[in-house]
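Since the structure comes first, as structure tokens, the remarks are kept for the end.
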Amino acid sequence: MPLALTFVEAGYSVLGFDVDPAKIEQLNSGGSYIGHVDATRVRAARDAGALEATTDTSRLDEADAILICVPTPLDAAQEPEMSYVRQSAEAIAATLRPGQLVVLESTTYPGTCQELLRPILETSRLHLGEDFFLAYSPEREDPGNPDFSVGSIPKVVGGLNAEALDAAAALYEVVTPQIIRVSSPDAAEATK
């Protein structure tokens, strides 16, 4: 939500997805379900027509860039539990279209983009680098700290190829003060 609002405040339209209909209803009525996100920011984004939320993943093809920001809680073996990432990738693959950029932001382990996301996204019959772009940029936020908000923290970005890195860097440079390009998604995943 903080990143979505930062994009709206930079002049972009955002279509947010969630599986929880109560969160969608709250956002679409101008409320905030996150304690440190002021509802007046959500209401202003909604009133401007720049923020919409939905549970309808068939609309994922409307976005030029899809950012995956889902929980990856630790399982019993203290490994990130990847079911939410996997489910998100499957929903994206069902509507993926040429030219889209997919960026994983969730906390994970090195290799997630290449070993987990890429094969799922390529079930769409589109090919990485030719048809769509894939990158990793770790979610950066210090919740509730007014001195370090999403828009004031440098962003690490790694793409699966040069074009993906360029696309992700171009996306984030409109909302962050500094882009730190790294050699690969694995390198970016390791920074988190």
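Reckoned from all heavy atoms, side chains included, excluding hydrogens, waters and symmetry mates.
The pair D131-R125 does not count as a salt bridge, with every side-chain nitrogen at least 4.0 angstrom from each carboxylate oxygen. Between E52 and R46 there is no salt bridge, since no side-chain N of the basic residue sits under 4.0 Å from a carboxylate O of the acidic one. Under the 4.0 Å criterion applied to side-chain N and carboxylate O atoms, R43 and D38 are not assigned as salt-bridge partners. In this structure, R86 does not pair ionically with E90, as no charged nitrogen and carboxylate oxygen lie closer than 4.0 Å.
Side-chain N/O atoms of D56 and S58 include a donor and acceptor closer than 3.5 Å.
To the nearest 0.5 Å, the span separating CG on L104 from CG on L117 amounts to 5.5 Å. Annotation: the span from E81 atom CD to T72 atom OG1 amounts to 9.0 Å, rounded to 0.5 Å. The distance from the CG atom of L96 to the CD atom of E122 is 9.5 Å, given to the nearest 0.5 Å. Put simply, CG on L128 and CZ on F133 are 8.5 Å apart, with the number rounded to the nearest 0.5 Å. For the atom pair D20 CG and I24 CD1, the distance stands at 7.5 Å (nearest 0.5 Å). Distance check: L3 CG to L67 CG gives 6.0 Å after rounding to the nearest 0.5 Å.
Side-chain contact between L134 and L121 is present, with at least one heavy-atom pair separated by less than 4.5 Å. With a 4.5 Å cut-off on side-chain heavy atoms, E163 and L165 do not count as touching. Within the 4.5 Å cutoff, no side-chain heavy atoms of Q178 are placed close to those of T176. Looking at heavy atoms from C-beta onward, Y109 lies in side-chain contact with M82 at the 4.5 angstrom threshold. Side-chain atoms of E139 and T107, non-hydrogen and from C-beta on, never get closer than 4.5 Å to each other. Between L160 and S184 the shortest side-chain heavy-atom distance does not fall below 4.5 Å. At least one side-chain heavy atom of L101 sits less than 4.5 Å from a side-chain heavy atom of L171. Within the 4.5 Å cutoff, the side chain of I179 has no heavy atoms near those of the P154 side chain.
Across all their heavy atoms, A10 and V175 have their closest contact at CB-CG1, 3.8 Å. Between P185 and G158, the closest heavy-atom pair is CG-O, 3.7 Å. Looking at every heavy atom in both residues, D18 comes nearest to Y33 through OD2-OH, 4.2 Å. G30 and V42 get closest at one heavy-atom pair: C-CG1, 3.8 Å. When every heavy atom of E62 is checked against every heavy atom of L15, the shortest pair comes out as OE1-CD2, 3.7 Å. Taking all atoms of both residues into account, the shortest heavy-atom contact from P80 to L74 is N-CD2, 3.8 Å.
Each salt bridge (Lys or Arg N to Asp or Glu O under 4.0 Å) pair with one or both residues in residues 100-117, not counting sequence neighbours, appears once here: E105-K155.
A donor-acceptor pair under 3.5 Å is absent between the side-chain atoms of Y172 and the main chain of S137, judged by distance alone. Looking at E130, its side chain never comes within 3.5 Å of a backbone N or O of H127 through a donor-acceptor pair. When atom types are taken as modelled, the side chain of T112 and the backbone of T108 share no donor-acceptor pair closer than 3.5 angstrom. Counting only distance, with no hydrogens or angles, the side chain of N28 and the backbone of A53 share a donor-acceptor pair below 3.5 Å.
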* To do: Please test L116 against V85 for side-chain contact (heavy atoms from CB on, under 4.5 Å), starting from the C-alpha separation and ending with a verdict.
  => CA-CA 9 Å; L116 177 68; V85 172; 4.0 Å; yes
Report the C-alpha distance between E189 and D186 in whole Å, list the side-chain angles of each, state the deciding distance to 0.1 Å, and finish with yes or no for side-chain contact (heavy atoms from CB on, under 4.5 Å).
-> CA-CA 5 Å; E189 289 159 346; D186 289 15; 3.5 Å; yes
- Message: The test is side-chain contact (heavy atoms from CB on, under 4.5 Å); show your working for T54 and F17 and say whether it passes.
- Response: CA-CA 5 Å; T54 183; F17 296 87; 3.5 Å; yes
Would you please test T55 and V19 for side-chain contact (heavy atoms from CB on, under 4.5 Å) and show each step?
-> CA-CA 5 Å; T55 58; V19 296; 6.0 Å; no
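In the hydrophobic clustering of this structure, Y136 groups with I66; members are Ile, Leu, Val, Met, Phe, Trp, Tyr whose side-chain heavy atoms approach within less than 4.5 Å, directly or through other members. Transitive grouping of hydrophobic side chains (ILVMFWY, heavy atoms separated by less than 4.5 Å) keeps I153 and I180 in distinct clusters. Linking Ile, Leu, Val, Met, Phe, Trp and Tyr residues whenever their side-chain heavy atoms come within less than 4.5 Å leaves I68 and I34 in two separate clusters. Both M1 and V8 are members of a single hydrophobic cluster when ILVMFWY side chains are connected at heavy-atom separations under 4.5 Å.
For Y12, the OH atom is loosely surrounded, since the number of other residues' heavy atoms within 6.0 Å does not exceed 12.
Qualifying side chain to side chain contact (heavy atoms under 4.5 Å, CB included) partners for T191, counting only residues two or more places apart in sequence or in other chains: P138, V156. In this structure P71 satisfies the side chain to side chain contact (heavy atoms under 4.5 Å, CB included) test together with P73, Y84, sequence neighbours excluded.
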